[in-house]
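Below you'll find the structure, written out as structure tokens, and then a few comments.
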Amino acid sequence: MQNKINGVIFDFNGVIINDSWLHETSWLEVFRELVPNKNHSIDSIQKLIHGRTNKDIFKSIYNKDISTEEIERLSEFKEQKYRLLFKENLKQVQLDKHTIYLFEYLKNNDVPFTIATASGLSNLKFFFEILSLSNWFDLDKIAYDDGTILGKPEPDIYIKAAKNISTNIENCLVIEDAVSGVKAAHSAGASYIVGFGVSYPHDVLIKHGANIAIQSFSTFPYNKLNEK
């Protein structure tokens, strides 16, 4: 039996905004610059990056541990490419009306909600400014890649996100677009997991722990928020 839901946690990239393709493109550029002697493709990049922290991705590129300073330098190198692409494609990555409706519903019904993301603080601040996220979210309550937390599929980031909104993950509904994120939410013990979008086939998301899968927030299961 599922626990009563009294909190909602969103993944960010690929859920709140449809920007997975921008991350994939910027990572592809990075891989080609840092490891030019290999054949890289979007398909190979997709298998390596989604849900993972920059630290873990760069460690996989070099196949060794890297200093904190070098991780920070490389991460900013990648994120500058991403933010430039984001600005160039701004019309394609705006919040859609169904997403905004869900935010307003949660806010107006006093349902605590936040974000658990592999993005770093520099990108979060960028998103808050360019997408006006402060209309709905408190930056201080978002769980993000601060260099200390384990990336998805480890459960840590979802446990932290639930704590940030003063609830337990066992009472949270999670929305995720990637297999690694679904695994993380499932491992953390989330009450209900919504697979989202088109990054992965819906049957694959359900296989790895999602309760349902939807393509957009127009079919979000609002009834789960009202169950006693």
Side-chain angles (χ1 to χ4, degrees), residues 9-17 19-38 40-42 44-90 93 114-134 137-164 176-181 183-185 188 199:
I9 306 174
F10 295 85
D11 177 40
F12 190 82
N13 307 101
V15 172
I16 290 177
I17 53 172
D19 71 331
S20 295
W21 56 286
L22 295 177
H23 275 290
E24 291 162 4
T25 301
S26 55
W27 272 115
L28 183 59
E29 291 180 11
V30 169
F31 271 68
R32 285 175 172 170
E33 289 186 40
L34 298 181
V35 195
N37 58 331
K38 289 188 177 181
H40 304 289
S41 66
I42 289 294
S44 64
I45 295 299
Q46 288 174 332
K47 295 175 183 176
L48 286 169
I49 68 168
H50 288 300
R52 302 180 71 191
T53 64
N54 285 356
K55 178 180 178 180
D56 289 338
I57 297 169
F58 283 117
K59 284 173 66 176
S60 72
I61 291 177
Y62 291 106
N63 197 29
K64 64 179 182 180
D65 287 331
I66 310 173
S67 70
T68 300
E69 293 76 14
E70 185 68 357
I71 290 293
E72 290 175 354
R73 184 187 70 81
L74 290 168
S75 293
E76 190 57 26
F77 171 66
K78 180 267 170 180
E79 300 308 347
Q80 285 178 359
K81 290 179 178 292
Y82 165 79
R83 290 192 290 267
L84 179 60
L85 282 171
F86 194 101
K87 288 180 178 178
E88 290 174 350
N89 295 275
L90 191 56
V93 287
T114 191
I115 294 168
T117 176
S119 291
L121 184 58
S122 61
N123 272 6
L124 276 179
K125 290 180 176 178
F126 170 77
F127 295 137
F128 263 70
E129 178 181 354
I130 207 163
L131 298 173
S132 300
L133 292 181
S134 58
F137 292 95
D138 182 344
L139 181 62
D140 292 336
K141 293 183 179 179
I142 292 176
Y144 62 90
D145 176 19
D146 62 0
T148 66
I149 197 164
L150 294 174
K152 304 168 187 177
E154 299 300 326
D156 304 52
I157 199 164
Y158 275 115
I159 294 170
K160 182 176 181 180
K163 184 177 180 181
N164 286 353
E176 260 288 353
D177 74 316
V179 166
S180 61
K183 287 181 176 179
S199 297

By side-chain contact (heavy atoms from CB on, under 4.5 Å), which residues pair with Asn123, not counting sequence neighbours?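 Counting only residues at least two positions away or on another chain, Asn123 forms a side-chain contact (heavy atoms from CB on, under 4.5 Å) with His23, Glu79, Tyr82, Arg83, Ser119, Phe127.
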Between Leu28 and Arg32, does a side chain to side chain contact (heavy atoms under 4.5 Å, CB included) hold up when you go through it step by step? CA-CA 6 Å; Leu28 183 59; Arg32 285 175 172 170; 3.7 Å; yes
Looking only at heavy atoms, which two atoms of [X] and [Y] are closest? And how far apart?
X	Y	answer
Asp19	Asn13	OD2-ND2, 2.6 Å
Leu90	Ile130	CD1-CD1, 3.9 Å
Gly120	Tyr144	C-CD1, 4.2 Å
Ala184	Glu154	CB-O, 3.3 Å
Asn89	Leu22	ND2-CD2, 3.8 Å
Val30	Phe77	CG2-CE2, 4.1 Å

side-chain hydrogen bond (donor to acceptor under 3.5 Å, both in side chains) for Asn164 and Thr114? Distances and angles first, verdict last. CA-CA 8 Å; Asn164 286 353; Thr114 191; 5.8 Å; no
Check the surroundings of atom CD in Glu88: do more than 12 heavy atoms from other residues, nucleotides or ligands lie under 6.0 Å from it?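 Atom CD in Glu88 is packed in, count exceeds 12.
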Taking NZ in Lys55 as the centre, count heavy atoms belonging to other residues, nucleotides or ligands within less than 6.0 Å. Is the count above 12?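 Atom NZ in Lys55 is not crowded, with 12 or fewer foreign heavy atoms closer than 6.0 Å.
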If you round to the nearest 0.5 Å, how far is [atom2] of [Y] from [atom1] of [X]?
X	Y	atom1	atom2	result
Phe58	Leu74	CZ	CG	4.5 Å
Lys183	Tyr158	NZ	OH	14.0 Å
Thr25	Lys81	OG1	NZ	11.5 Å
Asp145	Ile71	CG	CD1	9.5 Å
Asp11	Thr117	CG	OG1	6.0 Å
Phe137	Ile142	CZ	CD1	6.5 Å

Do Trp21 and Leu85 come close enough that some side-chain heavy atom pair is under 4.5 Å?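 SC-SC contact between Trp21 and Leu85 ruled out.
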Side-chain heavy atoms of Asp146 within contact of Lys160, under 4.5 Å: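 Answer yes - side chains close enough.
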